[in-house]
Amino acid sequence: MIELEDVPELIDPVMVCAFEGWNDAGDAASTAVGHLDETWGGKVFTALDAEDYYDFQVNRPTIWMDGKVRRITWPTTRLSVVRVTEPTTRDLVLVRGIEPSMRWRSFCNELLGLAHELGIELVVILGALLGDTPHTRPVPVSGVTSDAALARRLDLEESRYEGPTGIVGVLQEAFTHAGVPAVTLWAAVPHYVAQPPNPKASLALLNKLEDLLDLRIPPGELPEDARAWQLGVDQLAAEDTEVAEYVQQLEEAQDTAELPEASGEAIAREFERYLRRRDNQGPGGEKPSGGRASTGRSGDASAPGDGSAEDDGEDEDGDTDGEDRDADGTDREDHDADGKDDSSRD
């Protein structure tokens, strides 16, 4: 069991998770958690043992040069802590990793144990799936939970899904059954442009998280990246009449289905978000400052050049380029909660 004596006492902590792979179309979810980590200066305080959960022929380690020293980064799941101060002070425990190749139940139990030790009050898991949605419209994001009382309290959908699932679905059920409130936010990514990145979907997930937790998340360059992404897809669609016609059909279908929702409530929601961001700008449009919860654990997060990464293969940023999967993440080997091969999906 990972020891956490050196982690400081957390304030109203919420765990936010994302996993690369099958439940991360366009890398939208993992990019969103990466944005939180980068924006608020999170540092890794612990990582799960990669040997226990990953097949290194499926998710290969990467080798890189630190000056004249060769180092290895192993695919795993890492945890970091950030402290946000707007509008109130609270801590976020960010869980960012790769969908495990095996031992899913042990994987979930280890994260559950960490959540109990850290006093986590709510778990929010981010995911992205491929859907029949046009790239020209706002990205649909749905919030679901298996807890009926939590669904009513937070105005979320109660999950009724039946069928194959991924680590996102298994982890949500593990937390719920253990009595830890858990929510999953799903972004729908256009299936005809599934390759990563998809900054528009990442931004939509962050907006939904902002509303759910009453946070003020600096968007950084994501809005500009999202506009550039949409412009690029527009240009590609314009060069293919069949794609252009299909996009138009999706637009008409979605506009018809969502017509009753073009209400004052939706407009008010967007205006409130605008006001929060405007109030959070300092003179000259400065971004809000956010402190960082110090993590005090030595040896868990090894910085390049300190010599420890050469031994355990872990670095601070948790990035890995060693995944052997297609851009949409749909053809990778999946396993169920028993660790057996399965093409599971939530």
To the closest 0.5 Å, what do you measure between [atom1] ([X]) and [atom2] ([Y])?
{"X": "Leu205", "Y": "Ser30", "atom1": "CG", "atom2": "OG", "value": "10.0 Å"}
{"X": "Cys17", "Y": "Met15", "atom1": "SG", "atom2": "CE", "value": "5.5 Å"}
{"X": "Leu114", "Y": "Thr77", "atom1": "CG", "atom2": "OG1", "value": "11.0 Å"}
{"X": "Glu20", "Y": "Glu99", "atom1": "CD", "atom2": "CD", "value": "11.0 Å"}
{"X": "Phe107", "Y": "Asn109", "atom1": "CZ", "atom2": "CG", "value": "11.0 Å"}
{"X": "Ile72", "Y": "Ile63", "atom1": "CD1", "atom2": "CD1", "value": "5.0 Å"}

Leu171, Asp24, Val33 screened by side-chain contact (heavy atoms from CB on, under 4.5 Å) with Phe19, the one that passes: Leu171

Under 3.5 Å side-chain donor-acceptor pair for Asp234 and His135: yes

Side-chain donor-acceptor pair present, Ser146, Gln172, cut-off under 3.5 Å: yes

Smallest separation among heavy atoms of [X] and [Y], with atom names:
{"X": "Gly42", "Y": "Val82", "value": "CA-CG1, 3.3 Å"}
{"X": "Ser202", "Y": "Thr31", "value": "OG-CB, 3.4 Å"}
{"X": "Arg83", "Y": "Leu10", "value": "NH2-CA, 4.5 Å"}
{"X": "Val170", "Y": "Cys108", "value": "CG1-SG, 3.7 Å"}
{"X": "Thr145", "Y": "Ala182", "value": "OG1-O, 2.8 Å"}
{"X": "Ala201", "Y": "Ala28", "value": "CB-CB, 3.6 Å"}

Beyond-backbone contact of [X] with [Y], side-chain heavy atoms, under 4.5 angstrom:
{"X": "Leu185", "Y": "Ser142", "result": "no"}
{"X": "Leu215", "Y": "Leu92", "result": "yes"}
{"X": "Pro61", "Y": "Thr73", "result": "no"}
{"X": "Trp186", "Y": "Asn23", "result": "yes"}
{"X": "Val144", "Y": "Glu158", "result": "no"}
{"X": "Ile217", "Y": "His35", "result": "yes"}
{"X": "Pro75", "Y": "Arg60", "result": "no"}
{"X": "Leu111", "Y": "Val95", "result": "yes"}

Glu224, CD: over 12 other non-hydrogen atoms inside 6.0 angstrom: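 Check fails, neighbour count at 12 or below.
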
Glu121 atom CD, neighbour heavy-atom count above 12 within 6.0 Å: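 Counting neighbours around CD of Glu121, more than 12 heavy atoms of other residues, nucleotides or ligands fall under 6.0 Å, so yes.
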
Backbone of Asp12 reached by a side-chain donor or acceptor of Arg90 within 3.5 Å: yes

Side-chain donor/acceptor of Thr76 to backbone N/O of Leu48, under 3.5 Å: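 Checked: pair present.
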
Within residues 125-146 or reaching into it, pairs that qualify as salt bridge (charged side-chain N to carboxylate O under 4.0 Å, His left out) - sequence neighbours excluded: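 Residue pairs passing salt bridge (charged side-chain N to carboxylate O under 4.0 Å, His left out), neighbours aside: Arg137-Glu251, Arg137-Asp255.
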
Ring centres under 6.0 angstrom apart (Tyr54, Trp74): no

Pair Lys208-Glu210, salt bridge (Lys or Arg N to Asp or Glu O under 4.0 Å): steps then yes or no: CA-CA 5 Å; Lys208 187 73 171 180; Glu210 194 176 48; over 6 Å; no

Partners meeting salt bridge (Lys or Arg N to Asp or Glu O under 4.0 Å) with Glu157 (sequence neighbours left out):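 If we apply the salt bridge (Lys or Arg N to Asp or Glu O under 4.0 Å) test to Glu157, skipping adjacent residues, there are no hits.
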
Residues which pass salt bridge (Lys or Arg N to Asp or Glu O under 4.0 Å) with Glu252, listed by chain and number, not counting sequence neighbours: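 Here no residue qualifies.
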
Please set out all donor-acceptor pairs under 3.5 angstrom arising from side-chain atoms of residues 147-154, sequence neighbours excluded.
from: Asp147; atom 1: OD1; to: Ala149; atom 2: N; distance (Å): 3.0
from: Asp147; atom 1: OD1; to: Leu150; atom 2: N; distance (Å): 3.1

Test side-chain contact (heavy atoms from CB on, under 4.5 Å) applied to Leu118 and Asp91, step by step: CA-CA 11 Å; Leu118 294 168; Asp91 292 309; over 6 Å; no

Ionic contact status for Glu162 with Arg160, cut-off 4.0 Å: no

His116 and Val180: CA distance, side-chain angles, deciding distance, side-chain contact (heavy atoms from CB on, under 4.5 Å) verdict: CA-CA 9 Å; His116 281 310; Val180 180; 3.8 Å; yes

Remaining members of the apolar cluster that contains Leu250, side-chain heavy atoms under 4.5 Å: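 When side chains under 4.5 Å apart are linked, the cluster holding Leu250 also contains Tyr192, Val193, Trp229, Val233, Val243, Tyr246, Val247.
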
ILVMFWY cluster, Phe56 and Ile98 together (side-chain gap under 4.5 Å): yes

Transitive ILVMFWY side-chain link Val139 to Leu236, under 4.5 Å: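 Different clusters: Val139 never reaches Leu236 through Ile, Leu, Val, Met, Phe, Trp or Tyr contacts under 4.5 Å.
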
Contacts of Phe175 that satisfy ring pair (Phe, Tyr, Trp, His ring centres under 6.0 Å) - sequence neighbours left out: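 By the ring pair (Phe, Tyr, Trp, His ring centres under 6.0 Å) rule, Phe175 matches no residue at all.
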
Audit row: Leu94, Leu79, side-chain contact (heavy atoms from CB on, under 4.5 Å) steps and yes/no: CA-CA 6 Å; Leu94 306 179; Leu79 287 77; over 6 Å; no

CA sep, side-chain torsions, deciding dist, call: Val183, Val123, side-chain contact (heavy atoms from CB on, under 4.5 Å): CA-CA 6 Å; Val183 173; Val123 176; over 6 Å; no

